[in-house]
Amino acid sequence: MADPAILVTGGAGYIGSYTLRHLASQGRELVVLDNFVSGHHDAIVDEGVTVVEGDMGDAEVVEAVFSEHEIEAVVHFSAYINVGESVKEPLKYYDNNTARPLTLLAAMQRHGCKVFVLSSTAAVYGEPEAIPLVETHPLQPVNPYGWSKLMLEQILRDCGSGWGLRSACLRYFNASGSSGDGLIGEDHDPETHLIPRILLTLTGEAEKMTVFGTDYDTPDGTCLRDYIHVDDLAKAHAMALDHLMAGGESVACNLGTGVGMSVKEIIKAAEEVTGQKVPVEYGARREGDPARLVADPSLAKDVLGWEAEKKDVREMVESAWAWMNGPRKGHFEK
Ligand code: UDP
């Protein structure tokens, strides 16, 4: 059998592919399991990575991965991420985000693999009672997407009590940016996230973008979010692996910068970075959007030694813009 490896599910997705690249740069042995429903083959840029095309809910495929490789830890990204869709199609979300990972966890239990890093979300908190959000805030999601992730978090805690699984649930705030070389980046279909939506109006792929709500109780009336650079997210996963693989305790922690930026501020940053005027229309609130979502990131620092480094939102926009103007023009081949 080959050297011990880390299994990355969803390693061909946006945050997954950055994390994969970062882990590869550290010389780790890596296996990706991805069904390529939304992931992209070209997003896996390191040649040494073993790629298995298959679904984490397919018991045979998963068993083969664990039999053929000595998997010492799992970093789990595979999930559906569209909040609006989760409201309309809850079963799709509970199936993919909560139920299918059980197959993966069962294989881990059978093979004695006890380290799990989860791509979780700030959506587990629901409507904030206070800002910044601390991990002790009540967990009361307001949509099936948030519930589907929170349930998986709970399953991980129960596996911790039951058979000694140690897990890190990383609750992301707003992932953004690219690493600037234009090789990999954010390419969702449909694209719903703010920064790419803004930039797509400037590449001509979209006519205009809509600001969802201008009557929030915030300084400029638009929602505040905590935007975090994807490179910082990638590093956090590596640090969570190090923490757990060194015998550290399970943890659930926020990954954010602690800084809230409004939709209008992001548009301004995009205009500054690109030197172009963003065609904006002001529309109604989007259902389910809290006015403010800002992290208290101190637990991640205390436990993992992680802190966001690329805190300037202009750097995030600039790197996202570099991806859209790079060799792939913001899109992987279908
Ligand atoms: N937003 C917007 N127009 C868009 C997309 C997003 O005004 O076309 C706003 C959205 O209401 C939220 C913020 O931008 O306040 C970030 O939204 P995004 O979908 O990027 O991430 P979320 O916070 O929903 O995870």
Side-chain angles (χ1 to χ4, degrees), residues 8-20 32-40 43-44 55-57 74-101 104 117-126 139 141-153 155-156 169-178 184-200 212 223 225-230 232-234 236-237 252 254-256 286-290 293 295 316 320 323 330-332 334:
V8 181
T9 71
Y14 172 43
I15 303 164
S17 62
Y18 276 100
T19 302
L20 191 71
V32 167
L33 176 63
D34 200 301
N35 61 11
F36 294 96
V37 166
S38 53
H40 309 276
I44 300 172
D55 196 281
M56 62 176 157
V74 173
V75 187
H76 176 59
F77 292 98
S78 294
Y80 292 140
I81 59 162
N82 189 324
V83 170
E85 185 186 45
S86 83
V87 174
K88 294 194 181 89
E89 298 213 50
L91 297 181
K92 180 172 170 180
Y93 277 70
Y94 290 121
D95 175 37
N96 198 48
N97 295 3
T98 316
R100 289 189 202 196
L104 185 65
V117 177
L118 172 66
S119 160
S120 190
T121 169
V124 297
Y125 298 116
L139 299 170
V142 291
N143 50 61
Y145 168 70
W147 277 112
S148 71
K149 290 279 187 166
L150 180 58
M151 286 181 187
L152 184 53
E153 284 198 3
I155 290 164
L156 297 181
C169 299
L170 305 181
R171 297 173 178 163
Y172 311 160
F173 282 66
N174 289 61
S176 25
S178 94
I184 57 175
E186 185 169 16
D187 182 13
H188 297 120
D189 184 19
E191 186 54 78
T192 59
H193 295 114
L194 179 64
I195 293 176
R197 289 292 309 161
I198 292 171
L199 297 181
L200 287 170
F212 297 140
C223 289
R225 293 289 179 274
D226 183 332
Y227 294 88
I228 167 140
H229 198 294
V230 70
D232 280 327
L233 285 182
H237 291 77
N254 295 334
L255 296 183
R286 183 172 68 177
E287 207 184 328
D289 267 342
L293 279 177
M316 302 180 207
W323 157 241
H331 296 290
F332 294 103
K334 293 274 177 234

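In this text, all values refer to a predicted model and were calculated from it rather than measured experimentally.
Nearest heavy-atom pair across P190 and N82 is CG-ND2, 4.5 Å. Nearest heavy-atom pair across E191 and E186 is OE1-CG, 3.7 Å. When all heavy atoms of I81 and Y145 are compared, the pair lying nearest together is CA-CE1, 3.7 Å. In plain terms, the two heavy atoms of P290 and G126 that are nearest each other are CG-O, 4.5 Å. Here the shortest heavy-atom pairing between R100 and D55 reads NH1-OD2, 2.9 Å. Nearest heavy atom pair, residue I184 against residue F332, reads CA-CZ, 3.9 Å.
Side-chain contact between I15 and F77 is present, with at least one heavy-atom pair separated by less than 4.5 Å. Counting only heavy atoms from C-beta outward, the side chains of H331 and D189 never approach each other to under 4.5 Å. Residues L156 and C169 form a side-chain contact, since some pair of their non-hydrogen atoms from C-beta on lies under 4.5 Å apart. Put simply, the side chain of Y80 does not reach to within 4.5 Å of the side chain of S38, judged on heavy atoms. Residues L194 and R225 fail the side-chain proximity criterion, which asks for heavy atoms closer than 4.5 Å.
Every residue two or more places apart in sequence or in another chain was checked for a salt bridge (Lys or Arg N to Asp or Glu O under 4.0 Å) with D187, and none qualifies. When the salt bridge (Lys or Arg N to Asp or Glu O under 4.0 Å) test is applied to E153, the partners found at least two apart in sequence or on another chain are R157, R171. With sequence neighbours excluded, no residue forms a ring pair (Phe, Tyr, Trp, His ring centres under 6.0 Å) with Y94.
To the nearest 0.5 Å, atoms CG (D95) and CD (E89) are separated by 11.5 Å. Here the CG atom belonging to N35 is positioned 7.0 Å from the CG atom belonging to N96, to the nearest 0.5 angstrom. Within the model, atoms CG of L20 and CD1 of I44 stand 6.0 Å from one another, a figure rounded to the nearest 0.5 Å. Rounded to the nearest 0.5 Å, atoms CG (L170) and CG (L255) are 5.0 Å apart. Here the CD1-OG distance, from I228 to S176, works out to 8.0 Å after rounding to the nearest 0.5 Å. To the nearest 0.5 Å, atom CG of residue L91 and atom OG of residue S148 are 11.5 Å apart.
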(message) side-chain contact (heavy atoms from CB on, under 4.5 Å), that's the test. Do L152 and H76 meet it? Break it down for me.
(response) CA-CA 11 Å; L152 184 53; H76 176 59; 3.9 Å; yes
(request) Determine, stepwise, if the pair L104 / V74 fulfils side-chain contact (heavy atoms from CB on, under 4.5 Å). (result) CA-CA 9 Å; L104 185 65; V74 173; 4.1 Å; yes
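Although no hydrogens or angles enter the test, the distance criterion places no donor-acceptor pair under 3.5 Å between the side chain of S178 and the main chain of G185. Looking at D34, its side chain does come within 3.5 Å of a backbone N or O of A12 through a donor-acceptor pair. In terms of modelled atom types and a separation under 3.5 Å, the side chain of K149 and the main chain of A122 share no donor-acceptor contact.
The aromatic rings of Y14 and H188 sit perpendicular, their planes meeting at an angle over 60°, well past the 30° parallel limit. Below 30°, between 30° and 60°, or above 60°: for H237 and Y172 the angle between ring planes is above 60°, a perpendicular geometry.
In this structure, a donor-acceptor pair under 3.5 Å is present between the side chains of Y93 and E85.
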